[in-house]
Amino acid sequence: MPELPEVETIARGVDERLRGDRVVEVWFGGHTEPFATAPAKQVEGLEGREILGVRRVGKHIVCTLGEGGKPRAEWIVHLGMTGRLLVTTPEGPVAAHTHARLTLVSGREMRFVDPRRFGRLALRDLSQEAGFVAAGAEPLTITADDFLRVFRGRKLAIKAALLNQTLLSGVGNIYADESLFRAGIRPRRMAGRLKRAELERLREALQLVLRKAIELGGSSVSDYVDADGVKGFFQLEHRVYMRTGEACLVCGEPIRRIALAGRGTHYCPVCQR
DNA sequence: CATTTCACCTGGTGGC
DNA sequence: TGCCACCAGGTGAAAT
């Protein structure tokens, strides 16, 4: 489900609602896949702690837990393809595939739901480990020079490069396709062969699309919802993603779909060179 | 090393 | 209706 704008929307929503709240009790479901850190260690880091803040790092949601205002641990949630992080009341019906429930002093509850179980939950004990940092550059604020540097010499398709989280952290399939369309660049072009002007167009298109998507609460293609269960609206602004065979909104040519880097990739053969 | 492919899961859709 | 193939917002391990 979630790329940078969706994760940002959820992180902001959880931060607004739960900052200053305190974890009373943690419940975990029986599936093992979501646990990148042993459940017992996660319980230890969470229970009794105050939520000092919640932020997005790449596609990860980082909840800082502490005592007396001092950070002691980070609970890191990655939503995979179908993960949801919801703030609810304990009485609300529990959705299928709920893997974690955190009851809070305020009487609310935070839930992690993920049908496909590609999502991951981890805990970093800040007395033993450093805080979580992204592997790649931040797409929203990367400078023109750094953007050029990221792709220089790369012998892979620009679409594949955009999806590589160690280069940029946060771009996924929707926003890769949408930014390449707006920059007029074919997804298969080799990253290292793009001209300076093309890469600058791409950076501007990417940042525009990401900012606009955050404003609209993300893209709800099938089942994405924010921390309150509310859908986003950026899917109404998609120009190529999941529009295979439909007319290009600029030139009328049918939008094409190819497989690239194992992902469905959508582009206009006329507008993108 | 850099790059590519595929397995990991459930659920929805569309063809027969 | 049932069955099956294929597809889906991601990523890491294995292969090349």
Side-chain angles (χ1 to χ4, degrees), chain A residues 1-11 29-37 56-61 76-85 95-99 112-122 132 134-136 139 149-180 187-193 206 209-210 213-214 216-227 230-238 240-245 255-266:
Chain A
M1 144 209 324
E3 305 181 30
L4 185 153
E6 293 76 31
V7 178
E8 178 73 30
T9 301
I10 293 167
H31 285 284
T32 57
E33 295 96 330
F35 295 95
T37 304
R56 175 193 64 80
V57 177
K59 293 178 189 170
H60 301 260
I61 299 164
I76 297 151
V77 179
H78 192 288
L79 299 170
M81 290 274 261
T82 54
R84 297 179 176 196
L85 195 63
H97 310 292
T98 298
H99 302 111
F112 173 67
V113 180
D114 183 15
R116 289 177 76 178
R117 305 201 294 278
F118 289 170
R120 292 294 178 264
L121 303 175
F132 184 81
R149 215 164 288 139
V150 160
F151 297 109
R152 186 170 299 153
R154 299 277 162 194
K155 289 180 162 49
L156 74 169
I158 184 62
K159 165 74 184 271
L162 285 170
L163 294 178
N164 183 334
Q165 300 299 296
T166 66
L167 299 180
L168 296 178
S169 294
V171 181
N173 210 30
I174 294 176
Y175 301 99
D177 282 5
E178 291 297 320
S179 59
L180 285 168
R188 277 207 249 253
R189 294 274 305 282
M190 192 183 290
R193 292 228 183 106
L206 178 61
V209 156
L210 293 173
I214 291 168
L216 296 182
S219 297
S220 291
V221 173
S222 62
D223 57 6
Y224 159 73
V225 290
D226 69 13
V230 175
K231 289 182 185 247
F233 290 97
F234 192 74
Q235 68 279 9
L236 302 175
E237 306 289 324
H238 291 176
V240 288
Y241 182 75
M242 292 290 257
R243 294 194 65 243
T244 310
I255 299 302
R256 281 190 198 164
R257 180 189 182 281
I258 58 173
L260 202 165
R263 317 297 304 279
T265 296
H266 315 77

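Just so it is clear: chains get the letters A, B, ... in the order the sequence lines come, proteins before strands, and each one is counted from 1.
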Heavy-atom donor-acceptor pair, A:Arg116 side-chain to C:dA8 base, under 3.5 Å: yes
Expressed as a whole number of Å, how far does the C1' atom of C:dC6 sit from that of B:dC6? 16 Å
Going from CD1 on A:Ile174 to OG on A:Ser179, what distance comes out if it is rounded to the nearest 0.5 angstrom? 11.5 Å
A:Gly170 backbone acceptor or donor facing A:Gln165 side chain under 3.5 Å: yes
Rounded distance (nearest 0.5 Å) linking atom CD of A:Glu8 with atom CD1 of A:Ile61: 10.0 Å
I want to check one thing: is the phosphate of C:dG10, taken as OP1 and OP2, less than 4.0 Å away from some side-chain N or O of A:Gln165? no
Mind checking A:Gly172 for me? I need base, sugar-phosphate or nothing, with any heavy atom below 4.0 Å counting as a touch. sugar-phosphate
Would you indicate, yes or no, if B:dC9 has its OP1 or OP2 atom less than 4.0 angstrom from a side-chain nitrogen or oxygen of A:His97? no
Rounded to whole Å, CG of A:Asn173 lies from P of C:dC7 at a distance of 13 Å
For A:Tyr241, report the nucleic acid contact type (base, sugar-phosphate, nothing); a contact means any heavy atom under 4.0 Å. sugar-phosphate
Figure out the CG/P separation between A:Leu260 and B:dC6, and round it to whole Å. 14 Å
Separation of B:dA7 atom C1' from A:Glu33 atom CD, nearest Å, is 13 Å
Closest approach of A:Asn173 to A:Glu3 (non-hydrogen atoms, all atoms of both residues): N-OE2, 3.2 Å
For DNA chain B, just give me the dot-bracket, please: Watson-Crick or G-U, both distances below 3.5 Å, ( ) intra-strand, [ ] crossing earlier pairs, | paired with another strand, . unpaired. .|||||||.|||||||
From CD1 of A:Ile10 over to P of C:dG10, roughly how many Å is that when rounded to an integer? 13 Å
Tell me whether the ring of A:Phe118 lies stacked over the B:dC8 base, given a 5.5 Å limit on centroids and a 30° limit on the plane angle. yes
Verify ring pair (Phe, Tyr, Trp, His ring centres under 6.0 Å) between A:Phe234 and A:Tyr241, making sure each step is shown before the conclusion. CA-CA 11 Å; A:Phe234 192 74; A:Tyr241 182 75; over 10 Å; no
Protein-nucleotide distance (A:Tyr224, atom OH; C:dA8, atom C1'), rounded to Å: 17 Å
Under 4.0 angstrom between A:Lys155 side-chain N/O and B:dT4 OP1 or OP2: no
With heavy atoms under 4.0 Å as the rule, sort A:Arg263 into base, sugar-phosphate or nothing. base
Base, sugar-phosphate alone, or nothing: which one does A:Ser220 contact when heavy atoms must sit under 4.0 Å apart? base
Please state how far atom CG in A:Asp114 lies from atom C1' in B:dT10, giving the value in whole angstrom units. 9 Å
In whole angstrom, what separates A:His266's NE2 from C:dA8's P? 6 Å
Round to the nearest Å and state the distance from A:Leu167 atom CG to B:dT3 atom P. 8 Å
How are the rings of A:His238 and A:Tyr175 set relative to one another: parallel (under 30°), tilted (30 to 60°) or perpendicular (over 60°)? perpendicular
For atom P, what is the distance between B:dA7 and C:dA5, given to the nearest Å? 15 Å
Select base, sugar-phosphate, or nothing to describe what A:Gly119 touches, counting heavy atoms under 4.0 Å on all strands. nothing
Which word best sums up how the rings of A:His78 and A:His60 line up, parallel for under 30°, tilted for 30 to 60°, or perpendicular for over 60°? perpendicular
At less than 4.0 Å, is any side-chain N or O atom of A:Arg154 found next to OP1 or OP2 of B:dT4? Yes or no. no
Looking only at side-chain atoms of A:Arg117, point me to the closest of B:dC9, B:dT4, C:dG10. B:dC9
Applying salt bridge (charged side-chain N to carboxylate O under 4.0 Å, His left out) to A:Lys159 and not counting sequence neighbours gives A:Asp177
